[in-house]
Amino acid sequence: MPDRSTEESEPLPASRILPGPAHLWQYPAHNLVAWQPQGVLDDRLLDEIGEWLCTIEKASAPEKRFVDFSRLTEVAIRTNHVFAFAGNRAEQFAGVTPVKSALFSEDWVGFGIALLYEGLMKETSIDAQAFRDRAKAAVWLDVPAEILKLEDKPGPPH
């Protein structure tokens, strides 16, 4: 029987932690980055993720993104800020390989924000879609539905 090192026998983690805002997962095998903001979604938190996305996109933009609003306790974002954010994202991402961004919320307010963003991103390189069903988001992103639960324990960053 061949000798197997410890490194070879241990399975690789399905996801890994990314530097940036809290509650980020990366699934390299599926070219997916997932973010699960927690607490209050306000202008400041939205700007933080926008800044982080610009940084990671300069290095290597993942083709798929999943944003899970299920852990939000409050949505306190100004509508005009969503318009400004979407305009900035479209400008920053112009000419870059298109990406898919699934925005998930069972809550009507979060879903409304997701629908607004979806509409604002039409005809840009960011194909945003709002979902109230994780399984449908998984099909659209072409990833296993299980990973969109974001229940796994991410491995360390690489």
Side-chain angles (χ1 to χ4, degrees), residues 15-28 30-143 145 147-154 156-158:
S15 66
R16 63 182 185 216
I17 297 170
L18 287 177
H23 313 290
L24 285 168
W25 286 261
Q26 181 179 31
Y27 295 88
H30 300 288
N31 205 10
L32 174 75
V33 170
W35 178 48
Q36 189 177 54
Q38 301 192 9
V40 179
L41 178 61
D42 57 11
D43 295 353
R44 182 193 54 76
L45 184 58
L46 189 62
D47 289 343
E48 278 182 31
I49 196 65
E51 290 170 18
W52 174 80
L53 281 169
C54 284
T55 302
I56 196 167
E57 286 163 358
K58 288 176 186 171
S60 171
E63 293 173 10
K64 304 171 197 170
R65 293 97 187 271
F66 177 71
V67 181
D68 177 357
F69 290 142
S70 67
R71 299 287 176 114
L72 293 177
T73 56
E74 184 179 346
V75 176
I77 195 162
R78 294 174 299 141
T79 306
N80 65 341
H81 195 76
V82 177
F83 278 85
F85 178 84
N88 287 339
R89 292 294 301 136
E91 186 178 301
Q92 293 161 343
F93 212 73
V96 178
T97 304
V99 297
K100 286 184 158 190
S101 292
L103 305 142
F104 169 76
S105 181
E106 293 173 330
D107 174 77
W108 282 108
V109 175
F111 185 66
I113 296 293
L115 282 173
L116 175 60
Y117 186 72
E118 175 184 321
L120 293 170
M121 300 315 291
K122 294 277 186 232
E123 299 183 30
T124 72
S125 296
I126 301 170
D127 184 4
Q129 293 286 316
F131 292 92
R132 295 200 71 214
D133 182 318
R134 283 180 207 271
K136 289 180 181 176
V139 169
W140 186 72
L141 289 168
D142 192 27
V143 299
I147 66 173
L148 295 189
K149 292 180 181 177
L150 304 178
E151 293 174 341
D152 62 307
K153 300 289 185 224
H158 288 246

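Predicted model only: the values in this text are computed from it and were never measured.
Taken from NZ in K149 to CD in Q36, the straight-line distance is 13.0 Å, to the nearest 0.5 Å. With values rounded to the nearest 0.5 angstrom, R132 atom CZ is found 6.5 Å from F111 atom CZ. For the atom pair CZ of R71 and CG of L41, the computed distance is 15.5 Å after rounding to the nearest 0.5 Å. Atom NE2 of H81 sits about 8.5 Å away from atom CG of N88, to the nearest 0.5 Å. Q26 CD to N31 CG: the interatomic distance, rounded to the nearest 0.5 Å, is 8.0 Å. Distance check, rounded to the nearest 0.5 Å: OG of S105 to CD1 of I113 gives 9.5 Å.
A heavy-atom distance below 4.5 Å is found between the side chains of K64 and D142. The shortest side-chain heavy-atom distance between M121 and S101 does not fall under the 4.5 Å cut-off. Considering only heavy atoms from C-beta on, L148 stays 4.5 Å or farther from F104 through its side chain. In this structure the side chain of D107 never reaches within 4.5 angstrom of the side chain of L72, judged on heavy atoms. The side-chain heavy atoms of F85 and D43, taken from C-beta on, include no pair separated by under 4.5 Å. At a threshold of 4.5 Å between non-hydrogen side-chain atoms, the residues F66 and V143 do not count as touching.
The minimum heavy-atom distance linking L141 with A102 is given by the pair CD1-CB, 3.7 Å. What you find for H30 and I147 is that their closest heavy atoms are CD2-CD1, 3.8 Å.
A donor-acceptor pair is defined here as one N or O able to donate and one able to accept, closer than 3.5 Å; no such pair exists between the side chain of D127 and the backbone of P98. Between the side chain of K100 and the main chain of W140, a donor-acceptor pair closer than 3.5 Å is present.
Applying the side-chain contact (heavy atoms from CB on, under 4.5 Å) criterion to A114, with sequence neighbours excluded, gives F69, L103, A130.
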Quiz item: Given the rule in the side chain to side chain contact (heavy atoms under 4.5 Å, CB included) test, do R89 and L120 qualify, once you have shown the distances and angles that lead to the verdict?
Solution: CA-CA 10 Å; R89 292 294 301 136; L120 293 170; over 6 Å; no

Exercise. Before giving the answer on side chain to side chain contact (heavy atoms under 4.5 Å, CB included), spell out for Y117 and I126 the whole-Å C-alpha distance, their side-chain angles and the decisive distance to 0.1 Å.
Key: CA-CA 10 Å; Y117 186 72; I126 301 170; 4.2 Å; yes

